[in-house]
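Every chain is numbered from 1, with letters handed out A, B, ... down the list of sequences. Atom set for the values below is all heavy atoms of this structure, side chains included, hydrogens, waters and symmetry mates excluded.
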Amino acid sequence: MTHVPRYRFAPSPTGFFHVGGARTALYNWALALRTGGTFVLRIEDTDESRNSPEWTQGIIDALSWLGIDSSHPQFEGPYFQSQNAELHVAAAHKLFEQGNAYWCDLSAEQIQARAKETGKQGYDGYSRDRGLTGGPGQVLRFRVPTGSTVVHDLVRGEVEFANETIEDFVLLRSNGSPMFLLANVVDDIEMKVSNVVRAEEHLPNTPKQQMLWDALGHTPPQWAHVPVLVNEQRKKLSKRRDKVALEQYREEGILPDAMVNYLMTLGWAPAGDTEIVPWSSMVEEFRLEDVNHSPAFFDIKKLASFNGDYIRALSLQDFVSASLPVLAATDAWPSSRFSAEVYEKIAPLVQTRVVTMSEVPVMVDFLFLEDPAIDQAAWDKTMAAEFAADVLKHCMSEFASCEWNHDALKTILESWTEAKELKLGKTQAPIRVAMTGRTVGPPLFESIEILGRDETIRRLQKSLSRLG
RNA sequence: GCCCCCAUCGUCUAGUGGCCUAGGACACCACCCUUUCAAGGUGGCGGCACGGGUUCGAAUCCCGUUGGGGGUGCCA
């Protein structure tokens, strides 16, 4: 008997790491941290046909990205379910010996045929008293007792299931391998798991598993079933249809802190008027009893908004560090032309303008390209102005000898603009396109200052000749 | 079909019988700021699914209806 709560996260390594799984992991982790408990990671790899070793590493990497560090003292594992196979089989035989389970040789087709005859659904307990002793082609089924099973759930309250609605489920496949329901329970018992926090889709499994705990002579854990995450159609997030891979969000430049914060607020909210709160206070405040009961929509727009907030909250130094890998990985310019020193100058102007880190390169590419990538639509639109050539010429000659800072540069354009009775918003456009190739971007005069006099004049000249 | 869960703005939520004329956030719109775009500021739009109870009083409790979701495998 242990008084230290033991939480567990038990994903199956069958694909990229699911954002729903990430939230479940985070809930467990927060709880383990706050209660001084343990977070046990168990890889449920019993379905050999669907497993792959690299997925396991993917899970560990994903958890670590979320801040669930496998070297933390409260982290235990990973354990592998497949390595406990003998234990699962032993438990199954114990259940058979105790009379809690029996062998059955009905095929799926036979079960269907019987169901059709009796007009009922599913397996009807046909083999219960046939005294089969196991062997090829036979599965071991649990003998569901009469009565009812009440699940005490921290988020749902008491949920009662009439046992007659639960069919005698399979414990061991005909090839002798254990099924999830059994393996899961045996492992939880073995690992002394005291708290099971998982997605609501498992709620219908829970009475079965609770019967298993009872039959195996152990007190069931404290259950908690959190609502599933859904898409805009309000269907459970699926790997096929929806963008659910945590790795993908990471690659697109979502900051881990933003993802963690956002995921935590799906079904739960920290106290106060803001949802953007540090991890430490979420750990302190999070309670399963406060988790909502209905499915939550995974809203990428809101995630992006959180991410923008987190980016802006970064110190300049941290923002630069976070940018560097993205800048190194981009193929927006030849890597030899990149300069971290130049980037640092423009970084503060970029920081308030991106929502994900992956937007950074396109914002600064004009600094690292020999010639800016001219957007044709931007060119056509701005260079059509009757003053386009004039403003380019004027700037070219004035910029050649003026003081080189953004205020001076701005003053030059401003005076010209006023003299022509135009608006700066208009006249800056051709210059911007000449410099960056686009109509939008970081503040123009600061950008020009960073670009440098020679390059600026060269680009003005080039645009002028292109204008023709 | 059967079992189970759920129901507050479009979305995520606060709300646990009177503090609710229902609060915040995202999104959207407007205005301000402004060298583009952002950021920031101000304001706006918008909700207790419906019907019955219980109560002096209900978003909050009960029942029903409707609507959603999950499960129903020799998957996990």
Between A:Ser127 and A:Tyr102: side-chain donor-acceptor atoms closer than 3.5 Å:
no

Show the atom names and distances, to 0.1 Å, of all donor-acceptor pairs under 3.5 Å that link a side chain in residues 412-424 of chain A to residues at least two apart or in another chain.
from: A:Ser415; atom 1: OG; to: A:Thr411; atom 2: O; distance (Å): 2.6
from: A:Thr417; atom 1: OG1; to: A:Leu413; atom 2: O; distance (Å): 2.6
from: A:Thr417; atom 1: OG1; to: A:Thr427; atom 2: OG1; distance (Å): 2.8

So A:Glu160, base contact, sugar-phosphate only, or nothing? Heavy-atom distance under 4.0 Å.
sugar-phosphate

OP1 or OP2 of B:rC26 sitting under 4.0 Å from any side-chain N/O of A:Lys301?
no

Counting only side-chain heavy atoms from C-beta out, which of B:rG1, B:rC6, B:rC12 sits nearest to A:Ala296?
B:rC12

Report all interatomic pairs (protein N or O, nucleotide N or O of nucleotides 38-42 of chain B) with separations under 3.5 Å.
from: B:rA38; atom 1: O2'; to: A:Thr352; atom 2: O; distance (Å): 2.6
from: B:rA39; atom 1: O4'; to: A:Thr352; atom 2: O; distance (Å): 3.4
from: B:rA39; atom 1: O3'; to: A:Arg312; atom 2: NH1; distance (Å): 3.3
from: B:rG40; atom 1: OP1; to: A:Arg312; atom 2: NH1; distance (Å): 3.2

Using a 4.0 Å cut-off on heavy atoms, which residues in residues 430-438 of chain A reach RNA chain B? List them by number, or say none.
A:Arg432

Can you run down the salt bridge (charged side-chain N to carboxylate O under 4.0 Å, His left out) pairs that involve residues 428-442 of chain A, sequence neighbours left out, and say none if there aren't any?
A:Asp365-A:Arg438

Side chain to side chain donor-acceptor pair (under 3.5 Å) contacts in which one or both residues fall within residues 80-90 of chain A, not counting sequence neighbours
A:Glu44-A:Gln81, A:Asp45-A:Ser82, A:Gln81-A:Asp187, A:Asn84-A:Asp187, A:His88-A:Asp187

Please, which pairs that meet side chain to side chain donor-acceptor pair (under 3.5 Å) have at least one residue in residues 205-214 of chain A, sequence neighbours excluded?
A:Asn184-A:Gln209, A:Arg198-A:Thr206, A:Arg198-A:Gln209, A:His202-A:Asn205, A:Thr206-A:His225, A:Gln210-A:Trp223

Please, which pairs that meet side chain to side chain donor-acceptor pair (under 3.5 Å) have at least one residue in residues 355-364 of chain A, sequence neighbours excluded?
A:Thr356-A:Ser358, A:Thr356-A:Glu359

Could you check which residues of residues 144-157 of chain A get a heavy atom under 4.0 Å from RNA chain B? Sort them by number, please.
A:Arg156

Can you pull every protein N or O that's under 3.5 Å from an N or O on nucleotides 61-70 of chain B?
from: B:rG69; atom 1: OP1; to: A:Lys235; atom 2: NZ; distance (Å): 2.5
from: B:rG70; atom 1: OP1; to: A:Lys236; atom 2: N; distance (Å): 3.0

Under the side chain to side chain donor-acceptor pair (under 3.5 Å) test, which residues partner A:His406, sequence neighbours left out?
A:Glu449

For A:Thr274 and for A:Cys104, find the nucleotide of RNA chain B with the closest heavy atom, then tell me which residue's nucleotide is more 5'.
A:Thr274

Short side-chain donor-acceptor distance under 3.5 Å, A:Ser281 and A:Glu284
no

More 5' along RNA chain B: A:Thr439 or A:Leu303, using each one's nearest nucleotide?
A:Leu303

Run the salt bridge (Lys or Arg N to Asp or Glu O under 4.0 Å) check on A:Asp242 and A:Lys235 step by step: do they pass?
CA-CA 10 Å; A:Asp242 306 306; A:Lys235 301 281 188 204; over 6 Å; no

Whether A:Arg42 contacts B:rA76 is assessed here as follows: a side-chain N or O lying under 4.0 Å from the phosphate OP1 or OP2. Is that the case?
no

Strand partner of B:rG1, provided both Watson-Crick or wobble distances fall under 3.5 Å
B:rU72

Is A:Glu446 salt-bridged to A:Lys345, cutoff N-O under 4.0 Å?
no

Listing request: all side chain to side chain donor-acceptor pair (under 3.5 Å) pairs with a residue in residues 302-311 of chain A, at least two apart in sequence or in separate chains.
A:Asn261-A:Tyr310, A:Glu275-A:Lys302, A:Asp309-A:Arg312

Can you pull the salt bridge (charged side-chain N to carboxylate O under 4.0 Å, His left out) pairs that have at least one residue in residues 101-115 of chain A, sequence neighbours excluded?
A:Asp105-A:Arg130, A:Arg114-A:Asp124

Is it true that A:Arg128 and A:Asp168 have a side-chain N and a carboxylate O under 4.0 angstrom from each other?
yes

